[in-house]
Amino acid sequence: MTNRPAVPPPPPRSISEEARTSLAMHFPPPVYPPLGDTQGWLDHVRDSNGTLIQAMSAMALPVHTQHTKIADVPAYVLRAEGVADDEQTPVYLDIHGGALIVGTGEACRLMTTPDAVTTGMITWAVDYRVPPLHPYPAALDDCLAVYRALLEVRAPQDIFVGGGSAGGNLAAALLLRAGDEGLPMPAALALLTPEADLTESGDSFETLKGIDPRLSSLREVNLLYAGGHDLTHPYLSPLFGDLSGFPPTFLQTGTRDLFLSNTVRMHRKLRAAGVEAELHVFEAMPHGGFGGAPEDAEIGRELRRFLDRHRRDRQENGTRP
């Protein structure tokens, strides 16, 4: 006997029509290969990237993009129209999502292009290595290498770090490791429905199982990514790290987001460590948002307000967020 609904509840009338339409579209959970099936995982990653690229390719945004290497790590440098290409413009270090295995190459560019518009900064998108060929700590090593390179061209007060989902995991892990290695913190951090706990120990992993139409358990993927390392290590599950010294942090989730517990627990952990942290929980929103509904635009506005408030060029020029 279980008290979990056999089917998800209908979309509430409290959200936009676009959001209700999106919420009614459920996607079946993926079937993952056995952990030892390297070719099976390579095929899964390839197919997932192809699906992602196809879904996002129709979205055209006025963003100048340069494919490059930073500290020998593939990366994209993106700049929206109206963003100055000079050394006074802050840089947003964007770490893409994709369950820690998806989002390389063209998919990385497509996923981070909207952020270049939202942030109003120069955006560095890290095309980090992924399993099955490159398990932990390869992705974190890549992010740290790019962060070190960024510190050579920008003061910490002009650097912002952010990521969604798996990118939120890596963004938080990056700051933990940077702190351990004596590197300065950036001006602020953005964690959008972060995968902060690879052990999936939070309440919402049970209460929202089958309710989130976009996301199901990633246990198999998490084990693949960890490559035999302990999932409770803070570099794998930042929720279990010492967050004292973190910069002001923006967190976002939704009431139907499987990662709701990840986000609210991360917020409480940050507050307990004395860190300034904002938590934004959106009505009925699943993992990753509604895919273009007005509520998604509201996330962008809130994030931009938060980032602008911590930009010293805006403060020095007297510009109101």
Side-chain angles (χ1 to χ4, degrees), residues 70-77 90-101 103-104 108 111-112 115 119 121-131 134-198 222 225-227 229 231-251 259 262-263 266 269-270 273 275 277 307 310:
I70 301 171
D72 207 33
V73 177
Y76 293 89
V77 177
V91 173
Y92 185 81
L93 181 59
D94 197 351
I95 307 177
H96 70 78
L100 296 165
I101 59 171
T104 55
C108 172
M111 280 197 289
T112 54
D115 296 335
T119 64
M121 304 178 191
I122 296 172
T123 297
W124 286 17
V126 187
D127 190 2
Y128 54 84
R129 290 170 292 170
V130 299
H134 304 287
Y136 171 85
L140 186 55
D141 287 345
D142 289 347
C143 293
L144 183 66
V146 174
Y147 184 65
R148 285 185 180 276
L150 183 48
L151 285 167
E152 294 178 1
V153 298
R154 290 291 190 280
Q157 300 93 328
D158 296 322
I159 297 174
F160 295 77
V161 175
S165 192
N169 173 295
L170 287 167
L174 167 62
L175 296 200
L176 285 171
R177 186 164 161 192
D180 288 345
E181 298 193 14
L183 299 177
M185 290 293 102
L189 173 67
L191 301 177
L192 307 177
T193 177
E195 192 177 6
D197 173 15
L198 296 192
N222 297 344
Y225 172 74
H229 292 84
L231 291 178
T232 64
H233 192 288
Y235 292 172
L236 286 163
S237 296
L239 178 64
F240 304 129
D242 179 2
L243 307 182
S244 59
F246 263 43
T249 303
F250 177 99
L251 303 103
F259 286 177
N262 281 348
T263 313
M266 192 73 174
K269 187 77 177 284
L270 286 161
V275 177
L307 295 173
H310 293 285

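Just so it is clear, the structure is predicted and the values come from calculations on it, not from any experiment.
Using a 4.5 Å cut-off on side-chain heavy atoms (C-beta onward), L192 and F250 make contact. The shortest side-chain heavy-atom distance between D142 and D127 does not fall under the 4.5 Å cut-off. Residues F160 and P186 are not in side-chain contact: their nearest non-hydrogen atoms beyond the backbone lie 4.5 Å or more apart. Residues V91 and V77 fail the side-chain proximity criterion, which asks for heavy atoms closer than 4.5 Å. No side-chain heavy atom of Y92 sits under 4.5 Å from any side-chain heavy atom of I122. I159 has its side chain within reach of L151: a pair of non-hydrogen atoms, C-beta onward, lies under 4.5 Å apart.
Under the side-chain hydrogen bond (donor to acceptor under 3.5 Å, both in side chains) criterion, the residue pairs touching residues 149-159 are D158-R312, with sequence neighbours excluded.
Here H233 contributes atom NE2 and L198 contributes atom CG; the two are 12.0 Å apart, rounded to the nearest 0.5 Å. Annotation: the span from L150 atom CG to C143 atom SG amounts to 12.0 Å, rounded to 0.5 Å. A distance of 5.5 Å separates CG of L100 from CG of L170, quoted to the nearest 0.5 Å.
Below 30°, between 30° and 60°, or above 60°: for H96 and Y128 the angle between ring planes is below 30°, a parallel geometry.
Using modelled atom types and a 3.5 Å distance limit, the side chains of D94 and Y76 yield no donor-acceptor pair.
At distances below 3.5 Å, at least one donor-acceptor pair connects side-chain atoms of N169 with backbone N or O atoms of E195. Side chain of K269 to backbone of D242: no donor-acceptor contact under 3.5 angstrom is found. Between the D197 side chain and the L239 main chain, no donor and acceptor come within less than 3.5 Å of each other. Remark: the backbone N or O of L307 is not paired with any side-chain donor or acceptor of H310 at under 3.5 angstrom.
The two atoms that bring A171 and G163 nearest to each other are CB-N, 4.2 Å, heavy atoms only. The shortest non-hydrogen separation linking A226 to L231 is CB-CD2, 3.5 Å. Heavy-atom minimum distance, Y235 versus A173: O-CB, 3.4 Å. Of all heavy-atom pairs between I70 and A149, the closest is CG2-CB, 3.6 Å. Residues F246 and A172 share a closest heavy-atom pair of CZ-O, 3.6 Å. What you find for P247 and M185 is that their closest heavy atoms are CD-SD, 4.0 Å.
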Working for side-chain contact (heavy atoms from CB on, under 4.5 Å), residues L191 and T263: CA-CA 8 Å; L191 301 177; T263 313; over 6 Å; no

Give the intermediate values and the outcome of side-chain contact (heavy atoms from CB on, under 4.5 Å) for residues E181 and L144. CA-CA 10 Å; E181 298 193 14; L144 183 66; 3.6 Å; yes

Take T232 and S237 through the side-chain contact (heavy atoms from CB on, under 4.5 Å) test and state the conclusion after the steps. CA-CA 6 Å; T232 64; S237 296; 5.8 Å; no

In sequence, state the C-alpha distance, the side-chain angles, and the governing distance for T112 and V126, and then conclude on side-chain contact (heavy atoms from CB on, under 4.5 Å). CA-CA 9 Å; T112 54; V126 187; over 6 Å; no

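Screening L189, L174, T123 for a side-chain contact (heavy atoms from CB on, under 4.5 Å) with L93, the sole residue that qualifies is L174. A side-chain contact (heavy atoms from CB on, under 4.5 Å) with L251 is found for exactly one of T193, N262, L270, namely L270.
With sequence neighbours left out, the salt bridge (charged side-chain N to carboxylate O under 4.0 Å, His left out) criterion links D141 to R177.
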